[in-house]
Amino acid sequence: MHDFTVVVGVKQVPDADEVGLDPDTGRLDRASAPAVMNPPDRCALEAALSLKDAHAARVIAVTMGPPMATPVLREAVAMGCDDGVLITDRAFAGSDTWPTSLTLARVAEHLDADVVLCGEETTDSSTGQVPPGIAAHNGWAQLTYVEALDLRPEEGRVVAHRDVEGGYEVVAADLPVVVAVAFGSFEPRPAGLHRKLFAETEFDPRELSAADLGIEEEVGLAVSPTSVGGMETVQPVDRQGEVVDEVDDLLGPIREAVA
Amino acid sequence: MTEIDPDEYEGVWVFVEEHAGEVMPVSWELLAEGRKLTETTGQELVALVIGEDCEAVAEAALAHGADRVLVADDPVFEPYRADPYGAQFRAMVEERKPSIVLIGGTHTGRDFAGRVAVPTHAGLTADVTEIDVDEAGILQARRPAFGGDVLATILCEDHRPQMATIRPGVFEAAEPDPDRTGEVERVEVVVAEDETMSEVLERVVGDRADITEAERIVAVGAGVEGDLEPARALAAALDADLAATRAAVDEGWIDGSRQVGQTGKTVRPELYVAVGVSGAIQHVEGMNKSGVVLAINTDPNAPIFEHADYGIVGDHAEVCHELADRLSGETPELIA
């Protein structure tokens with residue numbers, strides 16, 4: 001019997017370290033980069049699993065994407081999640097953060113979540129807007145940039161340390177709550193061998209479509225407030241790029257710069 | 001579906017982020033930049049102040065360029081919490097219909113923006129580094145994408161308000177003019193404490209450095225492996241501020257308020273010394289407006305050398321100490 005349900009949002013992104021330049025066009029070639037789990041989401045998974053360690057919680061990883069995004073769910077299950085849900089539908093194509101957070105908000109309700117955990121932001125879009133968006137769609141409490149998290153069942157709330165400019169704050173929030181963890185906090189645990197085998201061989205994600213969530217008309221490009229108006233390649237700033245041999249050779253440039 | 005008439009929305013709002021009366025400098029940067037937008041559109045520049053006992057902040061907002069200040073003043077708004085701020089903002093947007101809302105890209109600003117954009121079905125662009133508005137009043141919000149190699153222009157044509165979070169340091173604040181006049185309007189507070197879903201138990205803020213104004217910066221990266229003493233010594237000799245890459249901040253070596261780059265701050269000092277910084281584009285993008293860039297790194301192939309005017313391959317501790325020794329005798333004349 002589980003007392004709490006923790007839903008963790010994870011996303012498949014191009015490996016930022018492997019995004020190369022297309023030799024013909026000189027443009028970034030994201031298609032050729034291998035797909036990996038968004039690194040900040042691993043911290044969110046760890047935060048969820050530590051709640052499971054301390055309480056009778058069920059942890060469900062969810063991802064939005066095509067079926068080829070399933071490996072991030074397998075990875076989550078291998079780390080210790082109890083289940084994984086693939087939210088997949090052509091209707092989602094072209095969604096910006098508004099319909100994306102709406103979808104995840106409906107999934108959180110559908111799964112009866114008490115706590116929704118997310119990474120701080122994704123490495124491919126880096127907006128950080130989806131966790132507050134989920135909370136706003138559901139009218140739930142939100143905590144972002146969380147470095148430590150404690151579930152207080154008797155109080156019906158969580159208590160978190162949030163990173164703020166120049167310090168931190170300790171905030172309590174009522175359940176259900178959406179928590180975005182600070183990237184770098186919550187060192188992700190390695191997958192156990194047994195669990196890994198299960199994830200690779202036996203686990204199949206549950207699938208949910210826009211219709212299952214009753215939001216066919218509320219997702220996709222048409223309801224996305226933002227659109228991309230153009231892209232320009234940033235011209236690198238011209239620097240001298242002179243490598244000197246002796247520390248003394250740096251003194252002249254320093255004196256000149258601060259003169 | 002939210003169908004609105006964009007023509008009913010006008011004016012530029014700037015969210016003035018304050019904590020117990022102390023205003024985050026990015027708020028004044030946004031008022032200065034918002035002024036330029038209103039000069040194009042001929043509309044009103046409005047500062048939005050939410051907090052407790054904010055008279056002084058409201059006056060400062062006028063001095064920094066606002067035509068009008070909307071003040072929601074109540075104990076429920078101090079310290080900041082997303083849910084009461086969000087409910088108050090929503091009510092104000094629905095009543096007054098601003099066309100553009102600018103918010104500083106601090107942790108608080110991003111927390112706030114993400115929440116308030118949803119109920120109004122606003123378009124929200126994150127981490128913007130350039131803004132413009134066309135004659136039709138459409139905001140062109142440009143942000144680095146794909147790690148900073150590309151600048152993407154994000155538009156929000158059919159929804160209002162058009163919202164953006166803007167990275168601290170990219171714009172310059174105007175000198176406050178205490179003689180500027182404008183209207184300070186107290187608005188109805190629509191949130192009560194017993195409706196809130198969160199409670200701030202403790203707030204500890206110490207080092208909130210503003211590196212965006214620094215003339216000289218010594219920045220550390222993962223390459224210093226937690227040993228900040230040599231960089232500190234060099235910073236002291238140069239009378240420079242210490243800054244860091246995201247990697248160094250994530251390691252906990254230094255506070256996030258000193259982070260340069262995407263999700264951190266933009267700086268433009270006359271001298272930028274990168275110590276053990278690899279030169280990831282996300283970092284470079286926050287410092288490439290610097291005057292002279294120096295790089296110290298053990299790896300001769302580190303990308304930072306391409307983004308530096310002068311570089312030296314070597315151990316950061318040795319190079320920093322040697323430079324500090326050479327410079328420490330002459331620092332006073334450097335400052336003079």
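Residue numbers begin at 1 in each chain, while the letters A, B, ... track the order of the sequences.
Contact residues of residues 172-181 of chain A toward chain B are A:Ala172, A:Ala173, A:Asp174 (heavy-atom distance under 4.5 Å).
Both the backbone and the side chain of B:Glu157 come within contact range of chain A, judged by heavy atoms closer than 4.5 Å. Both the backbone and the side chain of A:Val228 come within contact range of chain B, judged by heavy atoms closer than 4.5 Å. Heavy atoms of A:Val158 lying under 4.5 Å from chain B are absent altogether. Within the 4.5 angstrom heavy-atom criterion, no atom of A:Ser185 approaches chain B. With a threshold of 4.5 angstrom between heavy atoms, B:Thr196 approaches chain A through N, CA, C or O but not through any side-chain atom. Proximity to chain A involves both the backbone and the side chain of B:Leu323, based on heavy atoms less than 4.5 angstrom apart. Contact annotation for B:Arg246: only side-chain heavy atoms (C-beta onward) come within less than 4.5 Å of a heavy atom of chain A. B:Glu306 touches chain A through its backbone: at least one of N, CA, C or O sits under 4.5 Å from a heavy atom, while the side chain does not. Contacts of B:Arg160 with chain A are absent, with no heavy-atom separation under 4.5 Å from either backbone or side chain. There is no contact between B:Ala295 and chain A, counting heavy-atom distances below 4.5 Å. Of the two parts of B:Ala152, the backbone and the side chain both hold a non-hydrogen atom closer than 4.5 Å to a non-hydrogen atom of chain A. Contact of B:Arg142 with chain A is made through the side chain alone, with heavy-atom distances under 4.5 Å.
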Would B:Ile312 and A:Val243 satisfy side chain to side chain contact (heavy atoms under 4.5 Å, CB included), going step by step from the backbone distance to the final call? CA-CA 5 Å; B:Ile312 187 162; A:Val243 176; 5.7 Å; no

Run the side chain to side chain contact (heavy atoms under 4.5 Å, CB included) check on B:Glu270 and A:Val258 step by step: do they pass? CA-CA 6 Å; B:Glu270 58 191 14; A:Val258 302; 3.7 Å; yes

Go through the steps for A:Val159 and B:Leu201 under the test side chain to side chain contact (heavy atoms under 4.5 Å, CB included), then give the verdict. CA-CA 9 Å; A:Val159 174; B:Leu201 305 175; 4.0 Å; yes

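One distance of note links CD of B:Gln262 with OG1 of A:Thr123; it measures 10.0 Å at 0.5 Å rounding.
Most heavy-atom pairs under 4.5 Å with chain A: of the set B:Lys289, B:Glu202, B:Arg115, B:Glu322, this distinction falls to B:Arg115. Per-residue heavy-atom pair counts under 4.5 Å with chain B were compared for A:Arg157, A:His161, A:Glu242, and the maximum is reached by A:Glu242. Contact count against chain A (heavy-atom pairs under 4.5 Å) is highest for B:Val204 among B:Val200, B:Val204, B:Thr165. Contact count versus chain B (heavy atoms, under 4.5 Å) is highest, among A:Leu102, A:Val170, A:Val171, for A:Val170. Among the candidates B:Glu251, B:Gln140, B:Arg81, B:Arg143, the residue making the largest number of heavy-atom pairs closer than 4.5 Å to chain A is B:Arg143. The choice from B:Val319, B:Asp127, B:Thr106 that makes the most heavy-atom pairs within less than 4.5 Å of chain A is B:Thr106. The greatest number of non-hydrogen atom pairs below 4.5 Å with chain B, out of A:Ala136, A:Pro131, A:Ser101, is found for A:Ala136. Highest contact tally toward chain A, considering only B:Asn288, B:Ile304, B:Val284, B:Val313, is held by B:Asn288 [criterion: heavy-atom pairs under 4.5 Å]. Residue with the most contacts toward chain B among A:Val247, A:Thr226, A:Leu250: A:Val247 (heavy-atom pairs, distance under 4.5 Å). With chain B as partner, the option from A:Gly184, A:Ser227, A:Ala141 having the largest number of non-hydrogen pairs under 4.5 angstrom is A:Ser227.
Between B:Arg110 and A:Tyr145, the closest side-chain pair of non-hydrogen atoms falls below 4.5 Å.
Taking each heavy atom of B:Leu155 and A:Gly229 in turn, the nearest pair found is CD1-CA, 3.8 Å. Of all heavy-atom pairs between A:Glu232 and B:Thr153, the closest is OE2-OG1, 4.5 Å. Between B:Ala126 and A:Ser126, the shortest heavy-atom contact is CB-O, 4.4 Å. Closest heavy-atom contact between A:Trp98 and B:Ala122: CD1-O, 4.5 Å.
Side chains of B:Arg203 and A:Tyr168: no donor on one and acceptor on the other come within 3.5 Å.
Under a 3.5 Å cut-off, the side chain of A:Gln142 and the backbone N or O of B:Asp111 do form a donor-acceptor pair. With hydrogens and angles disregarded, no donor-acceptor distance shorter than 3.5 Å links the side chain of B:Asp309 to the backbone of A:Arg239. A:Glu165 places a side-chain N or O within donor-acceptor distance of the main-chain N or O of B:His107, the cut-off being under 3.5 Å. Counting only distance, with no hydrogens or angles, the side chain of A:His137 and the backbone of B:Val118 share no donor-acceptor pair below 3.5 Å. With hydrogens and angles disregarded, a donor-acceptor distance shorter than 3.5 Å links the side chain of B:Asp255 to the backbone of A:Gly166. Looking at B:His307, its side chain never comes within 3.5 Å of a backbone N or O of A:Val237 through a donor-acceptor pair.
Note on residues 243-252 of chain A: pairs passing side-chain hydrogen bond (donor to acceptor under 3.5 Å, both in side chains), not counting sequence neighbours, are A:Asp248-B:Arg326.
Other residues, nucleotides and ligands contribute more than 12 heavy atoms inside 6.0 Å of the CD atom of A:Gln240.
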